[in-house]
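Naming: A, B, ... by sequence-line order, numbering from 1 per chain.
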2 protein chains.
Amino acid sequence: MRWKKISDAVVRRLPLYLRVLDELAKNKDAKLISSHELGERAGVGPALVRKDLAWFGEFGKQGVGYEIEYLRLELRKILNLENVIRVAVVGVGSLGAALARFHIKKFLEDESFNLKVCALFDADPDKHGDMHEGLHVRDMEELEDVIRSEDIEMAIITVPAEFAQDVATNLANAGIRAILNFAPVKISVPDHVQLATADLSLELQRLAYYLQEE
Amino acid sequence: MRWKKISDAVVRRLPLYLRVLDELAKNKDAKLISSHELGERAGVGPALVRKDLAWFGEFGKQGVGYEIEYLRLELRKILNLENVIRVAVVGVGSLGAALARFHIKKFLEDESFNLKVCALFDADPDKHGDMHEGLHVRDMEELEDVIRSEDIEMAIITVPAEFAQDVATNLANAGIRAILNFAPVKISVPDHVQLATADLSLELQRLAYYLQEE
């Protein structure tokens with residue numbers, strides 16, 4: 001399934017809805033949710049909730065609302081969370097290793113997210129062969145071969161800022177289709193690659209603004 | 001200085017402009033930039049660039065553009081990046097420790113960001129007294145006292161999701177005014193606290209969507 005014409009703004013809201021539904025699904029008594037309540041919990045207006053979901057099918061009944069568990073499972077399918085996604089981590093400093101433990105391993109254990117970290121890369125020869133979570137750290141020169149042979153689709157970049165663009169270009173050339181960038185720098189990727197940024201510095205600068213004396 | 005009525009949407013774009021100017025400032029030959037070029041590099045329309053900056057003063061000349069170094073320094077002042085901001089990290093698992101090294105220490109070394117991590121907290125008694133970057137890990141029970149006595153304004157939350165809301169509430173009660181949340185859960189804070197989220201799971205779910213077969 002793929003819905004080509006759907007804008008990224010819609011796609012960005014789907015995980016917000018899913019998070020609300022995951023939370024509600026823990027309480028077995030709740031069966032139904034209105035678009036009003038779903039929107040309120042997700043921080044989105046109710047009309048937009050209905051419009052976003054209508055792109056993908058008819059999930060609710062007017063005046064009744066959405067069945068929580070049904071919509072939750074449908075959203076997981078729409079977001080492609082039922083399939084295993086094979087991931088490479090590039091840059092195995094302390095952040096790369098910690099992310100693998102803090103987030104990605106958590107998703108694996110929860111069975112709510114099918115990311116599978118399949119390869120680790122680092123430019124530092126001293127790290128080659130080090131083991132993390134059962135994977136050894138590989139040379140950057142192996143990047144393209146390993147990504148192709150291991151069928152890896154997504155990469156997480158945790159290298160220092162000055163190397164991030166070169167890494168992203170190499171990843172795109174190797175056939176990677178989605179990149180999550182942790183390096184504190186803006187990078188460019190070809191149109192066929194989706195980019196997401198976990199950018200601490202922009203958020204910290206925004207917070208700093210609000211800490212000024214009044 | 002504080003500009004109360006300026007919307008957060010404007011504030012969020014200022015770090016994008018600053019990043020472009022920081023980059024251009026490395027090249028000493030470039031002196032001026034048009035709103036058009038600044039907008040293009042920051043991913044913002046030129047009219048919006050002019051409107052955003054006009055909230056804070058008259059920085060450019062019509063038909064000439066902005067002086068890069070002057071605007072860069074003014075934006076640093078507007079964003080409150082010249083003052084030291086004292087920070088606590090709550091949750092000293094591998095992620096908290098790695099963040100301290102990867103990002104925050106980098107900012108300190110660059111002298112482009114005046115964050116100073118002043119205290120580390122963790123709920124696990126086995127970690128109390130451990131040293132990271134010259135700071136020892138403290139008991140959560142000390143949170144309020146230490147935040148007040150050390151004059152800490154900002155906190156970074158890197159605890160597991162199920163504890164994040166309680167930690168945020170305690171931080172708000174202790175007088176913290178800005179929180180960066182890394183826990184993969186939505187948390188609520190009082191109006192006087194600014195919240196920013198570094199949420200890996202929402203971004204990863206969005207990327208997963210784009211990895212579907214066509």
Per-residue tally against chain B (heavy atom, under 4.5 Å) across Asn83(A), Leu14(A), Leu180(A) peaks at Leu180(A)
Which portion of Leu16(A) sits near chain B, non-hydrogen atoms under 4.5 angstrom
both
Turns out that what part of Asp8(A) lies under 4.5 Å from chain B's heavy atoms comes down to both
Determine which pairs satisfy side-chain hydrogen bond (donor to acceptor under 3.5 Å, both in side chains) with at least one residue from residues 117-126 of chain A, sequence neighbours left out, and list them in order.
none
Is it true that Glu37(A) and Arg41(A) make a salt bridge, defined as a side-chain N closer than 4.0 Å to a carboxylate O?
yes
Taking it one step at a time, do Leu48(B) and Arg13(B) satisfy side chain to side chain contact (heavy atoms under 4.5 Å, CB included)?
CA-CA 10 Å; Leu48(B) 194 54; Arg13(B) 287 189 291 268; 3.6 Å; yes
Please name all residues satisfying side-chain hydrogen bond (donor to acceptor under 3.5 Å, both in side chains) with Tyr66(B), sequence neighbours left out, ordered by chain then number.
none
